[in-house]
Protein chains: 4
Amino acid sequence: MTADPEVRLRADARRNRDQIIAAAKAMFAEIGPEVPMDEIARHAGVGVGTLYRRFPDREALIRSVARDNFAEVLIEAEAAEAEEPTAWEALVRLLRRSRALRLTVRLALLSPEVWATMRDDADVRRFRAEILAILDRIVRGAQEEGALRRDVGAGDVAVLVSLLLKRIPAAADVTEMVADRVFALILDALRAEAATPLPGRILTADDLRTD
Amino acid sequence: MTADPEVRLRADARRNRDQIIAAAKAMFAEIGPEVPMDEIARHAGVGVGTLYRRFPDREALIRSVARDNFAEVLIEAEAAEAEEPTAWEALVRLLRRSRALRLTVRLALLSPEVWATMRDDADVRRFRAEILAILDRIVRGAQEEGALRRDVGAGDVAVLVSLLLKRIPAAADVTEMVADRVFALILDALRAEAATPLPGRILTADDLRTD
Amino acid sequence: MTADPEVRLRADARRNRDQIIAAAKAMFAEIGPEVPMDEIARHAGVGVGTLYRRFPDREALIRSVARDNFAEVLIEAEAAEAEEPTAWEALVRLLRRSRALRLTVRLALLSPEVWATMRDDADVRRFRAEILAILDRIVRGAQEEGALRRDVGAGDVAVLVSLLLKRIPAAADVTEMVADRVFALILDALRAEAATPLPGRILTADDLRTD
Amino acid sequence: MTADPEVRLRADARRNRDQIIAAAKAMFAEIGPEVPMDEIARHAGVGVGTLYRRFPDREALIRSVARDNFAEVLIEAEAAEAEEPTAWEALVRLLRRSRALRLTVRLALLSPEVWATMRDDADVRRFRAEILAILDRIVRGAQEEGALRRDVGAGDVAVLVSLLLKRIPAAADVTEMVADRVFALILDALRAEAATPLPGRILTADDLRTD
DNA sequence: TATGAATGAGACTTCATTCAT
DNA sequence: AATGAATGAAGTCTCATTCAT
């Protein structure tokens with residue numbers, strides 16, 4: 001699941017590396033990509049030096065976390081495609097379930113700088129391309145099934161997904177329900193029956209930002 | 001439009017204050033609520049000292065900008081309600097056009113800390129309540145018109161609005177179109193015809209975060 | 001004497017700036033160009049922040065010290081040329097007396113990195129050019145007086161000067177005498193009577209490093 | 001050539017030790033005595049741990065390099081004395097040719113701290129004494145030959161040598177020539193014919209810094 | 001024994017806030 | 001009252017040295 005096992009680390013180094021990635025993942029998700037490096041190190045149970053030995057700077061760490069996450073999303077997308085009976089259901093599952101997606105999007109979209117950091121990473125680009133390819137297949141499949149409106153493309157869907165991943169501003173006790181409702185509303189927007197003509201043209205995966 | 005005229009400022013002090021708010025508004029929108037205070041001061045054409053004389057700390061400045069913004073949103077909401085022929089159109093106008101809304105939401109939602117800063121401000125709470133009241137009227141009106149699905153409340157709509165205010169990750173040349181399409185999709189989700197049963201219960205304004 | 005009065009500083013800022021330059025000058029001479037910035041700040045009696053406000057980074061500080069020093073050397077060279085009865089005596093005075101020269105050379109020569117930092121500074125280049133022009137005049141004058149050997153140029157002399165500015169490794173109590181003797185030996189090397197043919201060609205000011 | 005074979009190392013340990021010394025020598029000469037220990041280790045093809053096992057800290061390494069170097073200088077001095085037909089020529093050869101001398105002086109003179117590190121080392125002191133004794137013999141011999149001025153001692157000569165070992169600040173393409181000329185000028189300063197009375201008294205080897 | 005991983009102190013730099021002018 | 005200088009805490013990163021494998 002990790003994209004870059006680097007040569008071959010000693011057992012303890014490996015363990016530390018994994019802990020650091022895990023800690024970073026958690027804290028990026030929790031607090032954002034600007035959490036102090038010392039905090040990440042402390043949460044990972046290592047010294048800052050160790051963190052910096054493994055990841056020369058914050059960017060490198062972010063890149064690694066992103067790679068890791070993109071890889072995870074890819075696996076989830078593949079599973080959804082393989083295991084769900086219909087393309088529409090695969091789409092729903094993907095949109096609903098991917099926690100990994102959440103962090104990825106948080107990193108990639110919420111902060112242009114972070115995205116700039118990631119977008120030149122070969123692994124990230126590759127994963128991204130594969131994920132979008134799967135999404136594209138799922139979208140076409142769902143349209144052929146007659147479930148998904150025909151005037152949208154993988155790009156449109158991806159944008160909607162990204163919307164779903166915002167922190168939703170609701171009182172704590174209804175957060176879950178709010179998320180479920182928003183999700184259901186978005187699905188309604190995608191259904192073939194909803195279809196009111198959309199402006200512009202169908203967005204493909206390529207329309208998403210690569211700038 | 002500013003909620004708190006503080007005692008009564010001398011003309012030049014008044015001017016400075018306004019310039020600072022304007023600069024802060026612009027830079028919060030542009031860069032985010034963490035822009036250096038010096039930058040804000042420079043853009044406002046005043047010294048930092050002046051900024052701090054007017055706003056004891058960053059929080060105070062954010063609160064003031066927020067007040068200002070909420071006030072503006074309120075005015076826009078009132079105008080939409082008063083000037084549009086149908087409630088549905090008022091809703092559409094509000095959702096589509098409010099630049100003030102954008103910054104407000106950016107401040108309030110993107111950063112929990114900032115929201116924490118704002119939510120205890122009496123003016124902010126008042127404006128918020130009024131805005132939500134109007135939104136509530138518009139929502140009910142649109143439902144009575146048969147345009148808006150009946151299983152949503154002002155809370156649901158507000159959440160959807162907040163989704164619209166994310167920076168959308170598309171290649172520069174299609175940004176505009178992407179935004180338009182997302183907006184159209186969201187409207188489709190709200191139309192009476194789209195209506196697939198939603199989970200949970202109708203969200204009122206009170207369900208939105210006050211935590 | 002300071003090359004860059006920057007716009008116009010407030011009295012206190014001016015004082016601080018001068019103190020920082022003075023402290024830096026002393027510590028660069030004493031310890032070397034790598035002294036911690038905090039130390040310099042402390043010796044100048046200011047906080048680090050102040051130092052950094054005035055000089056964005058170590059390079060900027062070094063450049064300023066260098067400018068200051070080159071300016072001083074220039075003044076000394078002008079005085080030597082103007083006040084001494086013969087060119088030879090002007091040369092001797094310049095070589096013997098310039099304390100400013102000492103630091104300048106310490107910064108410029110002992111550390112290639114530091115030199116790299118300085119050499120692109122317009123002021124430094126200008127001062128350097130003027131100093132070398134004066135030296136050139138003095139050298140030719142002394143040769144016409146028959147005092148200075150004819151097979152050397154300003155470049156050769158400058159190189160010998162630079163040699164004189166090393167920290168000389170002697171027991172503390174003879175340091176002074178050692179320096180005097182070395183100086184006298186070097187002068188002997190330059191006298192017309194010493195003249196044993198030299199290899200290569202006469203070095204002009206332009207041969208000195210500008211790489 | 002190495003002064004301290006320490007007990008008796010296994011062949012591979014021996015090899016490592018030598019590689020480390022060689023790497024350190026090269027990098028001290030190239031970059032200076034502050035190069036990161038990791039770098040030295042890497043260049044020596046060993047791990048840092050190995051370096052530290054052999055040399056408890058940076059000081060110890062510097063001391064060892066210095067010992068090694070002093071030993072080399074001693075050998076060169078002995079060879080010059082033994083092989084050259086006249087004392088003057090021995091002197092010239094020693095001054096001109098010793099690369100080992102260059103590093104030694106770089107370490108000993110450019111950095112007072114490093115010198116402080118070296119000067120208490122018994123081996124270093126012994127080598128130094130022997131080298132100076134040879135230099136003393138060469139100096140007296142050259143004076144008896146009538147080639148070297150009579151008002152200088154081994155101390156004076158050593159000081160001049162040290163001057164020769166500075167990095168000379170010339171454009172890259174003339175560096176070699178500059179060095180040659182400086183060398184010739186220094187020799188001229190030492191010739192019997194140059195002799196203008198010097199201030200102070202003749203410097204012996206003992207006058208050189210032992211502080 | 002050799003390796004290279006981990007540590008943590010310390011250097012550099014930025015910026016929110018205070019304060020002298 | 002306005003200005004912008006000064007402060008110092010906090011964050012980033014480097015590297016000498018120690019220690020587990």
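Just so you know, these numbers use all the heavy atoms, side chains as well, and skip hydrogens, waters and symmetry mates. Residue numbering restarts at 1 for every chain, and letters A, B, ... go by the order of the sequence lines. All values derive from a computational prediction rather than experimental measurement.
- Across the interface with DNA chain E, nearest-nucleotide mapping of C:R58 and A:L51 shows A:L51 to be the residue nearer the 5′ end.
- To the nearest angstrom, P of E:dT1 lies 16 Å from CZ of D:R15.
- One finds no side-chain N or O of A:R53 lying less than 4.0 angstrom from the OP1 or OP2 phosphate oxygen of E:dG4.
- Residues C:E30 and C:K25 are not in side-chain contact: their nearest non-hydrogen atoms beyond the backbone lie 4.5 Å or more apart.
- No side-chain donor-acceptor contact under 3.5 Å links B:R54 to the backbone of B:I20.
- By the 4.5 Å heavy-atom criterion applied to side chains, A:I62 and A:M118 are counted as neighbours.
- For A:D12, taking side-chain heavy atoms from C-beta onward, the closest of the listed nucleotides F:dT21, E:dA11, E:dT17 is F:dT21.
- Comparing F:dA16, E:dT7, E:dA2 by their nearest atom to the side chain of D:R54 picks out E:dA2.
- Taking atom CD1 of D:I20 as the reference point, atom C1' of E:dA2 lies 11 Å away to the nearest angstrom.
- Among the nucleotides E:dT13, E:dA16, F:dT3, the one closest to the side chain of C:D38 is E:dT13.
- A straight line from CG of A:L61 to P of F:dT12 spans 11 Å, rounded to a whole angstrom.
- Remark: P of E:dG4 and CD1 of D:I40 are 17 Å apart, rounded to the nearest angstrom.
- Between D:F55 and D:I21 the shortest side-chain heavy-atom distance falls below 4.5 Å.
- Contact check for C:M37 versus C:Y52: side-chain heavy atoms found under the 4.5 Å cut-off.
- Atom CD in D:E39 sits roughly 15 Å away from atom P in E:dG4 (whole-Å rounding).
- Among the heavy atoms of the strands lying under 4.0 Å from C:V48 is at least one base atom, whether or not backbone atoms are also near.
- Remark: C1' of F:dA2 and CZ of B:R17 are 17 Å apart, rounded to the nearest angstrom.
- In a base pair of the Watson-Crick type (N1 to N3 plus N6-O4 or O6-N4) or a G-U wobble (N1-O2 and O6-N3), with each distance short of 3.5 Å, E:dT21 is matched with F:dA2.
- For the pair A:D18 CG and E:dA5 P, the computed distance is 14 Å after rounding to whole Å.
- A residue-by-residue look at C:G45 and D:M37 shows that C:G45 has its nearest nucleotide of DNA chain F further toward the 5' end.
- Within the 4.0 Å cut-off from OP1 or OP2 of E:dG4, not a single side-chain nitrogen or oxygen of D:R42 is found.
- A donor-acceptor pair under 3.5 Å links the side-chain atoms of D:S64 to the main chain of D:A60, judged by distance alone.
- Between B:N16 and F:dA1 there is no side-chain polar atom (N or O) within less than 4.0 angstrom of OP1 or OP2.
- Among the protein residues, B:D57 comes within range of the sugar-phosphate backbone only, with heavy atoms under 4.0 Å from sugar or phosphate atoms but none that close to a base.
- Judged by Watson-Crick or G-U wobble contacts below 3.5 Å, the nucleotide E:dG10 has F:dC13 as its partner.
- Nearest nucleotide to the side chain of A:P36, out of E:dC12, F:dT12, F:dA16: F:dT12.
- Within the 4.0 Å cut-off from OP1 or OP2 of F:dT7, at least one side-chain nitrogen or oxygen of C:T50 is found.
- At whole-Å resolution of the value, CD in A:E34 and C1' in E:dC15 are 16 Å apart.
- One finds no side-chain N or O of A:Y52 lying less than 4.0 angstrom from the OP1 or OP2 phosphate oxygen of F:dT14.
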